[in-house]
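Down below is the structure, laid out as structure tokens.
Counting begins at 1 with the first residue of the sequence.
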Amino acid sequence: MVLRIIGIRAKYLREQVQAVEAGPIVMAGLAGGLDPALVLGDLVIDGRSTIATALGYRRGDIHTSQAIVATTLEKAELWAKTGAVAADMENEIVRDYAAEVGVPFLGIRSICDTAGETLDPSVMGFVDDVGRTKVGAVAGGVLRRPSRIGYLMRLGKSAKVAALRLGEAVKLLVDEMAQND
């Protein structure tokens with residue numbers, strides 16, 4: 001098993017995951033909740049995954065968006081329109097790539113912001129194209145708007161909770177896949 005970082009909007013997918021070496025693809029990351037029943041750290045498996053798992057996480061559609069789905073209104077409208085339980089920016093791209101190269105796919109996401117939470121879209125400027133924090137951008141943003149400190153601290157804590165849950169789930173998935181080989 002090989003770990004590849006493909007970046008926001010799967011920017012580096014094709015260069016990181018070559019079709020000739022691609023085996024089963026597990027797409028793991030964070031997502032925003034669209035279903036109001038989802039809470040911080042809940043795990044969602046893409047309902048269109050082609051890899052079966054016995055793990056009892058919630059299954060459902062994951063909507064892939066060009067940008068973060070930021071407001072509670074946007075989340076509610078997307079939930080009503082698509083029935084997708086979560087929104088991200090990569091899952092569909094990677095699922096389509098897996099189908100293109102003929103390998104099994106499993107998408108799993110951990111909820112880091114719920115349907116009832118609004119995100120500030122400007123936070124995307126605080127991370128690079130693979131999701132790493134740009135410390136200088138954060139510092140500049142806080143200097144320009146000190147009131148962001150509390151929001152950014154809450155957002156960081158939420159992301160940490162979601163990432164820890166995701167890490168636990170991925171370990172279980174890898175163990176399960178190894179047993180099935």
Side-chain angles (χ1 to χ4, degrees), residues 1-35 37-69 75 78-79 81-115 119 123-124 127-133 158-181:
M1 180 160 295
V2 178
L3 173 67
R4 300 280 190 226
I5 297 173
I6 60 167
I8 295 172
R9 295 273 322 130
K11 180 177 180 177
Y12 302 108
L13 174 64
R14 291 187 181 274
E15 85 181 43
Q16 288 294 320
V17 182
Q18 300 296 314
V20 295
E21 69 178 28
I25 296 175
V26 175
M27 173 67 209
L30 306 182
L34 301 179
D35 179 347
L38 293 171
V39 299
L40 175 64
D42 275 353
L43 295 156
V44 175
I45 293 179
D46 178 10
R48 293 183 272 173
S49 294
T50 58
I51 296 173
T53 177
L55 299 177
Y57 303 126
R58 170 82 182 266
R59 287 186 73 89
D61 285 346
I62 298 171
H63 176 80
T64 297
S65 176
Q66 293 288 326
I68 63 171
V69 180
K75 292 176 183 184
L78 201 52
W79 162 247
K81 179 181 172 185
T82 67
V85 298
D88 76 352
M89 296 170 60
E90 299 84 22
N91 193 72
E92 181 180 358
I93 297 165
V94 179
R95 185 179 59 236
D96 289 350
Y97 180 74
E100 177 186 318
V101 299
V103 298
F105 169 81
L106 186 138
I108 184 167
R109 293 293 179 167
S110 182
I111 301 301
C112 65
D113 58 280
T114 66
L119 294 177
V123 299
M124 290 302 291
V127 294
D128 66 15
D129 59 0
V130 295
R132 292 181 298 233
T133 302
S158 293
K160 183 175 182 177
V161 167
L164 288 171
R165 287 287 322 252
L166 182 65
E168 294 165 359
V170 168
K171 181 185 181 325
L172 292 172
L173 283 168
V174 169
D175 291 347
E176 180 185 62
M177 291 170 73
Q179 289 177 1
N180 293 335
D181 276 347

Discussion item. Is there a side chain to side chain contact (heavy atoms under 4.5 Å, CB included) between Phe105 and Asn91? Walk through the geometry before answering.
Written reply: CA-CA 10 Å; Phe105 169 81; Asn91 193 72; 3.4 Å; yes
Discussion item. For Lys11 and Glu90: C-alpha separation, side-chain torsions, deciding distance, then whether salt bridge (Lys or Arg N to Asp or Glu O under 4.0 Å) applies.
Written reply: CA-CA 9 Å; Lys11 180 177 180 177; Glu90 299 84 22; over 6 Å; no
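For Lys160, there are no side-chain hydrogen bond (donor to acceptor under 3.5 Å, both in side chains) partners, not counting sequence neighbours. When the side-chain hydrogen bond (donor to acceptor under 3.5 Å, both in side chains) test is applied to Asp35, the partners found at least two apart in sequence or on another chain are Arg58. Every side-chain contact (heavy atoms from CB on, under 4.5 Å) that Asp113 has, sequence neighbours left out, goes to Lys75, Glu117, Leu119.
In this structure, Glu100 pairs ionically with Arg14, as a charged nitrogen and a carboxylate oxygen lie closer than 4.0 Å.
Side-chain contact between Leu173 and Leu55 is present, with heavy atoms from C-beta onward closer than 4.5 Å. With contacts defined as side-chain heavy-atom distances shorter than 4.5 Å, the pair Ile8/Met124 qualifies. Two residues are said to be in side-chain contact when any heavy atoms from C-beta on lie closer than 4.5 Å; Ile93 and Leu13 meet this criterion. Side-chain atoms of Tyr97 and Ile25, non-hydrogen and from C-beta on, do get closer than 4.5 Å to each other.
Of all heavy-atom pairs spanning Ser158 and Leu40, the tightest one is O-CD1, 3.4 Å. Nearest heavy-atom pair across Glu176 and Ala54 is OE2-N, 2.8 Å. Residues Ile111 and Val39 approach most closely at CB-O, 3.7 Å, considering heavy atoms.
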